[in-house]
2 protein chains.
Amino acid sequence: MRSTKNTTHKKVTLVDVAAVAGVSAITVSRVINQPDKVSDLLRRQVQAAIDSLGYIPNQFASSLASSKSRVIGVAIPSLSNIVFNDVLRGIYEVAGKAGYKVLLVDTHYSPLEEEKMVRTLLSQAPEAMIITGGDQTRACQQLLQKANIPIVQMMELIDQPLDMNVGFSHWQAGYDVVSKLLEAGHTRIGFMGARMDPRVQQRMLGYKAAMDAAGIDWKNYVVTTPEPSSIALGCELFRSLMASTHGAIDSLFCCNDDLALGALFESQRMNIRVPEQLSLCGFNDIEASQFVNPSLTSVHVPRYEMGVKSTEMVIRALTGKPIEQKQVDIGYEVRLRKSTRNAK
Amino acid sequence: MRSTKNTTHKKVTLVDVAAVAGVSAITVSRVINQPDKVSDLLRRQVQAAIDSLGYIPNQFASSLASSKSRVIGVAIPSLSNIVFNDVLRGIYEVAGKAGYKVLLVDTHYSPLEEEKMVRTLLSQAPEAMIITGGDQTRACQQLLQKANIPIVQMMELIDQPLDMNVGFSHWQAGYDVVSKLLEAGHTRIGFMGARMDPRVQQRMLGYKAAMDAAGIDWKNYVVTTPEPSSIALGCELFRSLMASTHGAIDSLFCCNDDLALGALFESQRMNIRVPEQLSLCGFNDIEASQFVNPSLTSVHVPRYEMGVKSTEMVIRALTGKPIEQKQVDIGYEVRLRKSTRNAK
DNA sequence: GGGCCAAATGATAGCGCAATCATTTACTCT
DNA sequence: AGAGTAAATGATTGCGCTATCATTTGGCCC
């Protein structure tokens, strides 16, 4: 009804284009992949043929012949966790500009699922991989090593990276938060954790280490759950923590901002004043945190930059450019806001 | 250092596996793709060879030979907008279970970029496509039609869908919100819009239609910007709206919850009481909305379900199952909360 | 003007797999 | 027991492209 020619539903191939343009197939291939190797005249001629036929190259044939997939495989533990939005934005941004496609999988925070997903990814022959954290199964790590491609493990600092590593120390961040609270005169510092993935564990270990260093017994101040984090869960956990501690805590460190916001909103309902009666600190510094009342103290993490850096590193590796350092500490920053007071 | 055999970095192919297993290549292929067509004995034998060699099939060769990519192309306008998290979760969930990979692109709310991205996607020979909305360029629509694969346009109801369509009427939702506010006795109803993508436009048109129907002049009550939405922007827009209207509005409909939360937080800072002095309504019903104080009236949208339904539909089409209806209205629900009062 | 080099273009082969059809084997039924 | 059938396995071929090498063309120099 619309286009005049090839309403026949046969796929248009390189050869068809070549025939129309009156050149050989390889010349068409060059027009697409290395345009400057073809004379202006032919290039225009071929381009016209491509346009008129609506030719779209078959990437499978191309990849099979060249063993270049132009794909970067990315594995993240959760699509719902907003934290990964920014990371992904950075990854897509850099990858797109450099002409790479991104194949994304969600591992649901499960190393076993991750292994399965990595298999899937590898069968797409990605030229590089960006994965989250360091808790892959042994088999998964072997698969990755054997793939012999640039790999970045991101989000946290790993002891023995498979290849490259971009992140920051969640342990240190947890330790720092507690140190600030201690400095501000708090002693009965609570901890709320959900999901308890390796990074949350590290934050908690940092909390515990700082408490231990200050000689404070944290045993009754900690509440955790393997459930996925949410504001609703923050409300719940806050209630149960207040019940179990009989309101004895003077401050609370939440493993992320969702929980902290939940705690904040619930404290308002419970008529517990923040920060007068309770200092509150989150983690990740999502946008809402600086706008709620009182604004929420949180640990700011350069997530977008982490995505950008990770992708830049694999692309540098792919293009043979030198990598300054295989492990990059992207840092973080504790942002003190109105939800924490100085208790001294 | 690790694995014993094939430390040589040659790729392991079907033929290698076949040789080790003592069968023909095609049998190995069958073990992978149609296991029940192979006897138990051989299947185990071949599986052992696969495992010992760490064989991973080359999807390019497979796709080229079978012209099946097992890929679903997905185009969304933004990776940062949380709204798409839930949609994507639904898509990945269903696609993954059915053995499809998802190739995701971000069109940055630009039809031109979308066209470019669709070209990229199509060169991956996706078996189906899920795209956002109906404002593709003419060229893009032609490309899609020519691809001759199942397509779902999601997020909104389209007049002339390219193929299938899953969404709801943003116009009607905007109209409904305003109707509820009118019913509650409000008359000076403001509107705040950001980004102004087609769906936001529809919500605004719904707002205007309802105002017109009530005989209320909305000209001075509307503030919009093409900037991307955020809580911070909500604060800003709210300030400028209050300045330009001299606080004359008695209620405010925001095109999404980010803006509404910004307005809410800013109103607290400006000592404007919500809902006593101003009723507030958002859109999308993100998690924070039901937990802020006062809780935020919003339009709840089944985003996850939209992703699920869209993916189910393309998969049904791919597997030749009947499609009940090509256009599915997934609905929405105005959830009245404490940020809106009854003013009668 | 012959020889030489670089740029432009082409011919051929093969990437790794699955579709197709052919062959073998095992088993049932009369 | 022989014919017939289904299940299991194999040989061949080609998917559409690019790597590789070969060939042609057009200058440029001495």
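Worth knowing before you read on, the calculation uses all heavy atoms, side chains too, and leaves out hydrogens, waters and symmetry mates. Within every chain, numbering begins at 1; the chains are lettered A, B, ... in the order of the sequence lines, protein sequences first and strands thereafter.
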Would you please confirm or rule out a distance under 4.0 Å between OP1 or OP2 of [N] and any side-chain N or O of [X]?
{"X": "A:Y55", "N": "D:dC17", "result": "yes"}
{"X": "B:S39", "N": "D:dA7", "result": "no"}
{"X": "B:N58", "N": "C:dC15", "result": "no"}
{"X": "B:S29", "N": "C:dC17", "result": "no"}
{"X": "A:T27", "N": "C:dG10", "result": "yes"}
{"X": "B:S62", "N": "C:dC17", "result": "no"}

From the options [options], select the nucleotide whose nearest atom is closest to the side chain of [X].
{"X": "B:S66", "options": "C:dC17, C:dG14, C:dA19", "value": "C:dA19"}
{"X": "A:I26", "options": "C:dC15, C:dG10, D:dG14", "value": "C:dG10"}
{"X": "B:R30", "options": "C:dC17, D:dC17, C:dT20", "value": "C:dT20"}

task = Using heavy atoms to find the nearest nucleotide of DNA chain D for B:L42 and B:L64 separately, return the residue whose nucleotide is more 5′.
result = B:L42
ask   = For DNA chain D, whose closest nucleotide is more 5', that of B:D40 or that of B:A61?
value = B:D40
Starting from [atom2] on [N], measure out to [atom1] on [X] and report it in whole angstrom.
{"X": "A:L41", "N": "C:dT9", "atom1": "CG", "atom2": "C1'", "result": "13 Å"}
{"X": "B:F60", "N": "D:dG16", "atom1": "CZ", "atom2": "P", "result": "17 Å"}
{"X": "A:Q34", "N": "D:dC17", "atom1": "CD", "atom2": "C1'", "result": "13 Å"}
{"X": "B:K37", "N": "C:dA19", "atom1": "NZ", "atom2": "C1'", "result": "12 Å"}
{"X": "B:K68", "N": "C:dG16", "atom1": "NZ", "atom2": "P", "result": "22 Å"}
{"X": "A:D36", "N": "C:dA7", "atom1": "CG", "atom2": "P", "result": "11 Å"}

key: Which atom of A:P228 lies closest to which atom of A:R195, heavy atoms considered   = CB-NH2, 3.2 Å
query = Is A:Q153 reaching over with its side chain to a backbone N or O of A:G133, donor-acceptor style, under 3.5 angstrom?
reply = yes
message = Need one value for B:S67: base, sugar-phosphate or nothing, where a base atom within 4.0 Å counts as base even if backbone is also close, heavy atoms only.
response = nothing
task = For A:L14, report the nucleic acid contact type (base, sugar-phosphate, nothing); a contact means any heavy atom under 4.0 Å.
result = base
ask   = Does atom CD of B:Q160 have more than 12 heavy-atom neighbours from other groups under 6.0 Å away?
value = no
key: B:D159 atom CG: more than 12 heavy-atom contacts under 6.0 Å   = no
request  = Report the C-alpha distance between A:M154 and A:I330 in whole Å, list the side-chain angles of each, state the deciding distance to 0.1 Å, and finish with yes or no for side chain to side chain contact (heavy atoms under 4.5 Å, CB included).
outcome  = CA-CA 10 Å; A:M154 63 171 182; A:I330 201 94; over 6 Å; no
